[in-house]
Chemist: 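Here it is, the structure, as structure tokens.
One-based numbering, in listed order, for ligands and for the atoms of each. Any value given below was found using the heavy atoms of this structure, including those in side chains, with hydrogens, waters and symmetry copies removed. Treat the numbers as computed from the prediction; the structure is a model and nothing was measured.
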Amino acid sequence: MGLNLTQKILKAHLVEGELVPGKPIAIRIDQTLTQDATGTMAYLQFEAMGVPKVKTKLSVSYVDHNMLQDDFKNADDHLYLQSVAAKHGIWFSRPGNGICHQVHLERFGVPGQTLLGSDSHTPTQGGIGMISIGAGGLDVALAMAGQPFFLTSPAVVNVKLTGKLKPWVSAKDVILEVLRRLTVKGGTNKVIEYSGPGVKTLSVPERATITNMGAELGATTSVFPSDDTTKKFLTAQKRGKDFKALAADPDAKYEETLEIDLGTLEPMVAQPHLPDNVAKVKDLKGIKVSQVAVGSCTNSSFRDLMTVAAMLKGKTINPGLSMAISPGSKQVYNMISKNGALADIIASGARVLESGCGPCIGMGFAPNSAGVSVRSFNRNFVGRSGTKDAQVYLASPEVCVAAALTGELTDPRKLGKKSPKINWPKTFIVDDNMIIKPPKKAGEVVRGPNIKPLPETHPMEPVLSGQVLLKVPDNITTDHIMPAGAKILPLRSNIPEISKHVFASVDATFHDRAKAAGGGFIVGGQNYGQGSSREHAALAPMALGVKAVIVKSFARIHRSNLINFGILPLVFVNEADYDKIAQGDKLTIKAGTLDNDNIIVRNESKGIEIPVKHGLAPREKDQVRAGGALGLARQTM
Ligand code: MIC
Ligand code: SF4
């Protein structure tokens with residue numbers, strides 16, 4: 001029987017288990033990436049493992065998230081990251097060089113290899129045929145130390161693309177259509193594999209937009225075949241030697257198949273406040289827009305910014321709004337500046353920001369009160385923009401500029417028959433002057449006062465008791481649990497400080513109540529912990545004494561992060577039992593040694609018993625028992 005592309009790459013990297021969907025497997029990791037907001041913790045953990053040099057083929061540390069530097073904190077983190085990278089054989093992409101996923105695609109991704117990144121949008125590299133997976137920093141640290149990555153063998157969904165996109169419709173509309181059909185939890189433990197004749201009509205950056213935002217499906221990753229288009233892209237990056245043709249066998253089997261005729265798609269948006277709340281732009285009339293932003297790892301490639309420049313050329317941004325642009329990489333920035341496109345953007349009145357994550361993670365350019373912001377980004381969770389009551393719509397660069405010019409949500413097809421045509425250069429401007437190769441001899445690691453030691457972990461107790469500190473509904477994101485943004489992001493390497501902000505936007509009393517109660521439990525609904533890979537959403541609750549989280553279902557990365565930090569992840573056997581626990585109830589959980597997966601939660605306040613399951617693999621049980629993966633890793637290295 002033929003293999004699909006996912007199976008081929010996983011098979012070539014399999015070190016443990018069988019490729020049967022739902023079964024635990026372990027794979028060898030060729031490359032890792034970190035970014036600064038998750039990287040400090042990842043490298044502190046890597047240092048704690050005592051491994052002198054990384055054991056991967058390539059590890060890269062990027063600085064792209066924390067770039068505001070409104071005091072010493074971010075600058076301290078950057079120096080720590082640069083010095084720790086040099087010491088352990090890690091490449092360092094300096095602040096200003098661009099967003100990790102965009103730069104990695106340009107300079108490092110290799111078809112057929114595996115990549116583990118401490119950022120949920122690591123699957124961007126699926127655009128060139130890599131199996132690239134987002135994970136918590138600790139898992140990435142373990143991969144750098146040469147350990148395999150453990151995951152649930154995924155089911156593979158074939159998205160068969162036919163036809164060709166019509167003018168003004170672009171890659172963002174493709175992934176919005178997939179999100180509309182599968183929803184934000186539809187991809188859990190699945191890989192989304194694209195195939196069909198429509199693939200060759202999409203450029204590499206367009207494919208990368210689609211795989212990037214596959215993260216919003218909760219998918220393990222997404223992947224495209226590596227074909228002539230990939231070869232052209234890599235050759236234009238002067239990396240032709242990294243090319244390898246890859247595709248599924250003609251008789252490959254998939255667990256699910258979905259067909260999308262690209263020619264039938266229309267411009268779409270994800271409405272507030274979830275990426276799967278998708279609607280056609282033409283159906284949304286008269287929505288006044290107060291802000292537009294084009295950038296982020298989803299839509300800030302050369303293709304995207306050239307489209308923006310062509311649409312803005314000779315025009316002025318609507319007086320009712322403000323527009324910002326953040327180029328995905330120094331390469332993109334440099335190219336649009338050399339070919340004059342940047343001048344068209346500047347002349348239109350758009351505000352040009354530096355190359356980095358910027359407004360996508362609330363680092364500046366927050367919308368006005370109750371403002372409507374149309375963004376080419378990938379997440380529109382409540383408050384993520386920095387303004388709690390802002391209404392954020394996610395859209396293609398084309399829809400963004402149409403709004404920027406007209407002042408309201410506008411179908412770009414109204415702007416004319418022909419959409420801008422991009423002239424692709426034969427070669428990109430390749431200049432790696434902002435990437436530091438690991439030196440033979442490195443100096444001391446620099447630790448400023450913002451770098452605090454890792455918090456202590458404690459082995460799990462067989463009986464957990466305490467009160468329900470918080471009860472939350474479905475689809476709670478890591479932005480709810482551990483907000484980011486300009487004020488909180490700089491605290492990422494200081495757990496005692498950052499833990500003061502846990503659940504701050506949901507219940508500002510959470511931190512004080514958790515402290516006063518000496519810890520306790522969290523109860524949640526479906527898809528708890530969706531969104532980012534930030535392990536701080538587990539680390540900080542752990543530091544506040546959270547012992548277990550009981551939910552209807554978990555998002556993949558967050559569940560692993562809870563385990564990594566010794567918090568017991570429990571799932572209701574009967575979802576309706578969610579209603580039998582209230583905030584403030586006292587619970588007793590006899591978890592024992594975790595060998596038995598039929599666990600009873602005794603609700604002491606109501607005098608009832610509720611069955612739950614942990615579903616932990618043997619290795620995960622050891623980790624939870626030990627109070628987290630780091631302690632365990634230290635014992636086994
Ligand atoms: C995000 O888009 O939410 C982030 C910020 O890139 C996170 C990582 C982080 O919180 O540092 C992610 O996607 O994993
Ligand atoms: Fe950065 Fe936004 Fe991409 Fe996260 S989603 S890596 S914050 S650009």
Chemist: Among protein heavy atoms, which lies nearest atom 8 (C) of ligand 1, and at what distance?
Modeler: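 Result: Gln35 NE2, 3.2 Å.
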Chemist: Which heavy atom in Ser132 sits nearest to a heavy atom in Thr124, and how many Å separate them?
Modeler: OG-N, 4.4 Å
Chemist: Check each atom of ligand 1 against the heavy atoms of Arg384 and keep those under 4.0 Å away; list them by number with element.
Modeler: 1 (C), 2 (O), 3 (O)
Chemist: Using a 4.0 Å heavy-atom threshold (strictly under), name the region of Asp119 that reaches ligand 1: side chain, backbone, both or neither.
Modeler: both
Chemist: Check each atom of ligand 2 against the heavy atoms of His101 and keep those under 4.0 Å away; list them by number with element.
Modeler: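 Going through ligand 2 atom by atom, the ones under 4.0 Å from His101 are 6 (S).
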Chemist: Out of all atoms in ligand 2, which are within 4.0 Å of some heavy atom of Asp119? Include the element for each.
Modeler: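 Numbered from 1, ligand 2 contributes 6 (S).
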Chemist: Given Ala215, Cys357, Gly117, Gly358, identify the one with the heavy atom nearest to atom 1 (Fe) of ligand 2.
Modeler: Cys357
Chemist: For Asn380 and Gln271, indicate whether the former's side chain and the latter's backbone hold a donor-acceptor pair under 3.5 Å.
Modeler: yes
Chemist: What protein heavy atom sits nearest atom 12 (C) of ligand 1, and how far off is it?
Modeler: Ser532 CB, 3.2 Å
Chemist: What part of Glu535 sits under 4.0 Å from ligand 1 if we count only heavy atoms: the side chain, the backbone, both or neither?
Modeler: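 For Glu535, there is no contact with ligand 1 at all, from either part.
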Chemist: Side chains of Ile361 and Arg384, heavy atoms from C-beta outward: is any pair under 4.5 Å?
Modeler: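 SC-SC contact between Ile361 and Arg384 confirmed.
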Chemist: In the protein, which heavy atom is nearest to atom 13 (O) of ligand 1, and how far is it?
Modeler: Ser120 OG, 2.5 Å
Chemist: Heavy-atom contacts with Arg534 under 4.0 Å: which atoms of ligand 1 show up? List them by number with element.
Modeler: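 Matching atoms, with element in brackets: 1 (C), 3 (O), 5 (C), 9 (C), 10 (O).
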Chemist: Would one find an N or O of Arg379, backbone or side chain, under 3.5 Å from an N or O of ligand 1?
Modeler: yes
Chemist: For ligand 1, which atoms have a heavy atom of His65 less than 4.0 angstrom away?
Modeler: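 The list of qualifying atoms is 4 (C), 5 (C), 6 (O).
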Chemist: For Gln291 and Ser322, does a side-chain donor sit closer than 3.5 Å to a side-chain acceptor?
Modeler: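 Note: Gln291 and Ser322 side chains miss the donor-acceptor criterion.
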Chemist: For ligand 2, which atoms sit closer than 4.0 Å to a heavy atom of Ile361?
Modeler: 7 (S)
Chemist: So that I know where these two stand, are His480 and Phe381 an aromatic pair - ring centroids less than 6.0 Å apart?
Modeler: no
Chemist: Does the residue Arg379 have a heavy-atom contact with ligand 2, meaning some pair of atoms that are separated by less than 4.0 Å?
Modeler: no
Chemist: Between atom 2 (Fe) of ligand 2 and Cys360, is there an N, O or S atom separated by less than 2.8 Å?
Modeler: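 Under 2.8 Å: Cys360 contacts atom 2 (Fe) of ligand 2 through an N, O or S atom.
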Chemist: Which label fits Tyr194 and Phe224: parallel for a plane angle under 30°, tilted from 30 to 60°, or perpendicular past 60°?
Modeler: parallel
Chemist: Measure from the side-chain N and O atoms of Thr38 to the backbone N and O of Ser118, and report whether any donor-acceptor pair falls under 3.5 Å.
Modeler: yes
Chemist: Could you please spell out the steps behind the side chain to side chain contact (heavy atoms under 4.5 Å, CB included) verdict for Phe108 and Ile435?
Modeler: CA-CA 11 Å; Phe108 295 114; Ile435 299 176; 3.9 Å; yes
Chemist: N/O/S of His121 less than 2.8 Å from atom 3 (Fe) of ligand 2?
Modeler: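 Given the 2.8 Å cut-off, His121 does not count as a ligand of atom 3 (Fe) of ligand 2.
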Chemist: At under 4.0 Å between heavy atoms, which part of His536 makes contact with ligand 1: side chain, backbone, both or neither?
Modeler: neither
Chemist: Go through ligand 1 atom by atom and flag the ones less than 4.0 Å from a non-hydrogen atom of Ala37.
Modeler: 11 (O)
Chemist: Could you tell me, atom by atom, which parts of ligand 2 come under 4.0 Å of a heavy atom of Arg384?
Modeler: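 Those of ligand 2 that fall under 4.0 Å from Arg384 are 2 (Fe), 5 (S), 7 (S).
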Chemist: Which residue supplies the protein heavy atom nearest to atom 4 (Fe) of ligand 2, what is that atom called, and how far is it?
Modeler: His65 NE2, 3.8 Å
Chemist: Using only atom types and a distance under 3.5 Å, with no angle test, would you say the side chain of Gln102 pairs donor to acceptor with the backbone of Ile99?
Modeler: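 No, Gln102 side chain to Ile99 backbone: no donor-acceptor pair under 3.5 Å.
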Chemist: Would you mind running through ligand 2 and noting each atom that sits below 4.0 Å from a heavy atom of Asn378?
Modeler: 5 (S)
Chemist: Indicate whether the side chain of Asn378 and that of His121 have a donor and an acceptor atom separated by less than 3.5 Å.
Modeler: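 Present: a donor and an acceptor within the cut-off.
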Chemist: To which protein heavy atom is atom 8 (S) of ligand 2 closest, and what is the distance rounded to 0.1 Å?
Modeler: Cys297 N, 3.3 Å
Chemist: Evaluate the criterion salt bridge (charged side-chain N to carboxylate O under 4.0 Å, His left out) for residue pair Asp432 and Arg107; output intermediate values, then yes/no.
Modeler: CA-CA 8 Å; Asp432 290 333; Arg107 308 303 310 137; 2.8 Å; yes
Chemist: Kindly list each side-chain donor-acceptor pair under 3.5 angstrom involving residues 352-360, sequence neighbours excluded, with atom names and distances?
Modeler:
| from | atom 1 | to | atom 2 | distance (Å) |
| --- | --- | --- | --- | --- |
| Ser355 | OG | Pro327 | O | 2.8 |
| Ser355 | OG | Ser329 | N | 3.3 |

Chemist: Any N/O of Ser533 closer than 3.5 Å to an N/O of ligand 1?
Modeler: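 Looking only at distances, the answer is yes, because the N/O contact criterion of under 3.5 Å is met.
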Chemist: Just wondering, do Ile90 and Met144 contact through their side chains at under 4.5 Å, heavy atoms?
Modeler: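 The answer is yes; the side chains approach within 4.5 Å.
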Chemist: Nearest to atom 11 (O) of ligand 1, what protein heavy atom do you find, and at what distance?
Modeler: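 Protein heavy atom at minimum distance: Arg492 NH1, 2.8 Å.
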Chemist: Does Asp30 reach the side chain of Leu58, with side-chain heavy atoms less than 4.5 Å apart?
Modeler: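 No; the side chains remain at least 4.5 Å from each other.
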